[in-house]
Structures are given as structure tokens and as C-alpha cells.
Amino acid sequence: MPLLIYDLSQSCSVSEQVWHEKIVKRMEEAVVLARKSGKVVGTFVETRKMQKSGK
């Protein structure tokens, strides 16, 4: 299940602010729900640094 973080940021009225607290909270909630449903979650990162740090 891909999480489209930029689409989510636009829907939450914080366009392109992918580390905004609203977005982080929604992503965490989505991951919890997906895992409870036995789904695998994925998204993309812009840099290798973000991939390694989780940010």
C-alpha cells in the first residue's frame, strides 16, 4: 500500500511540508491501521539521508 506523502500534505493544507506534524501523525496512523490489516506500507524518500534516518 503506497502512502503518497505529497498528496497527503496537500489534502491537509500544508502542501509540500512533508515533515509537518499533521503529516507525520497521519502517516503514523496509516501505518498502524495497515499493519493491523496485515498490509505492507511503502512510500518514497527524496534522499538517501532521509531513508536512513526515517526523515
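Numbers here are sequence positions counted from 1. Note that the coordinates shown come from a computational prediction; the quantities given were computed from them, not determined experimentally.
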query = With sequence neighbours left out, which residue pairs that include part of residues 13-28 fulfil the salt bridge (charged side-chain N to carboxylate O under 4.0 Å, His left out) condition?
reply = Arg26-Glu29
task = Using the rule that two of Ile, Leu, Val, Met, Phe, Trp, Tyr join whenever any of their side-chain heavy atoms come within less than 4.5 Å, decide whether Met27 and Trp19 are in one cluster.
result = yes
query = For Gln17, what residues pass the side chain to side chain contact (heavy atoms under 4.5 Å, CB included) criterion, not counting sequence neighbours?
reply = Val14, His20
Intermediate values then yes/no, side-chain contact (heavy atoms from CB on, under 4.5 Å), Cys12 and Leu8 = CA-CA 6 Å; Cys12 291; Leu8 180 60; 4.0 Å; yes
request  = Identify the heavy atoms of Ile23 and Val18 that sit nearest to each other, and give their distance.
outcome  = CG2-O, 3.5 Å
